Amino acid sequence: MKTLIVPILLITFGIGWVLTTLGAMPQIDWVWTLGILVVGVLILAAGGIDKVTLVAGPFLILASFLSILRQTGRLKIDLEVPLLVIAVGVLMLIARLDIVPPPTWLIKPPEKLRSR
């Protein structure tokens, strides 16, 4: 799965670049917006669900959608930033639940027994 990350990011940035060049909704920076979205999705896909990915992935996905709303004039930055702060707080509270596992890289492996 990890070998898919770079090609998917390149494809996404390419699509964003094409959309920007073609003038599809020219007020939206597609490279940035799609990049944020794909990184959020890849965090969840590659890392699975744990206490870190549960915060980072959905946060970036939400940031991408709010960015589209802001860039099209449907949402002001004065509202976008507080919404993102609230969202990251809610996601952090959810991540504290016992049913959400810690990331595997944070768990210490048991020490190997030394033979004498």
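Worth saying up front: this structure is predicted, and the values here are computed from it rather than measured.
- The minimum heavy-atom distance linking A95 with V55 is given by the pair CB-CG2, 3.8 Å.
- The shortest distance between side-chain heavy atoms of L37 and L60 does not fall below 4.5 Å.
- Side-chain N or O atoms of T20 include one that pairs as donor or acceptor with a backbone N or O of G16 at under 3.5 Å.
- K51 places a side-chain N or O within 3.5 Å of a backbone atom of L97 that can act as its donor or acceptor partner.
- L54 and F65 fall within the same hydrophobic cluster, where Ile, Leu, Val, Met, Phe, Trp and Tyr residues are linked whenever their side-chain heavy atoms come under 4.5 Å apart, directly or through other members.
- Across every non-hydrogen atom of L84 and A63, the tightest pair is CD2-CA, 3.8 Å.
- Residue M25 places its CE atom among more than 12 non-hydrogen atoms of other residues, nucleotides or ligands, all under 6.0 Å distant.
- Under the 4.5 Å side-chain criterion, counting only non-hydrogen atoms from C-beta, Q71 is not in contact with I68.
- Residues passing the side chain to side chain contact (heavy atoms under 4.5 Å, CB included) test with L106 are P103, sequence neighbours excluded.
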Derivation of the side-chain contact (heavy atoms from CB on, under 4.5 Å) call for V90 and V88: CA-CA 5 Å; V90 169; V88 78; over 6 Å; no

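- What you find for F59 and L91 is that their closest heavy atoms are N-CD1, 3.7 Å.
- The shortest distance between side-chain heavy atoms of L44 and I61 falls below 4.5 Å.
- Looking at T53, its side chain does come within 3.5 Å of a backbone N or O of G48 through a donor-acceptor pair.
- Following chains of ILVMFWY side-chain contacts shorter than 4.5 Å, one can reach L19 starting from I11, so the two form part of one hydrophobic cluster.
- Contact record, I43 with G57: CG2-N, 3.9 Å, taken as the closest heavy-atom pair.
- Under the 4.5 Å side-chain criterion, counting only non-hydrogen atoms from C-beta, T104 is not in contact with D50.
- The same ILVMFWY cluster, assembled from side-chain heavy atoms under 4.5 Å apart, contains both L42 and W32.
- Shortest non-hydrogen contact noted between I15 and L34 is CG2-CD1, 4.0 Å.
- Without hydrogens or angle criteria, W30 side chain to A24 main chain gives a donor-acceptor distance under 3.5 Å.
- Following chains of ILVMFWY side-chain contacts shorter than 4.5 Å, one can reach L4 starting from V39, so the two form part of one hydrophobic cluster.
- Residues L83 and L69 fall within the same hydrophobic cluster, defined by Ile, Leu, Val, Met, Phe, Trp and Tyr side chains chained together at heavy-atom separations under 4.5 Å.
- Not one N or O on the side chain of T12 forms a donor-acceptor pair closer than 3.5 Å with the backbone of V38.
- For residues 74-100, the pairs satisfying side chain to side chain donor-acceptor pair (under 3.5 Å) are R70-E80, T72-R74, with sequence neighbours left out.
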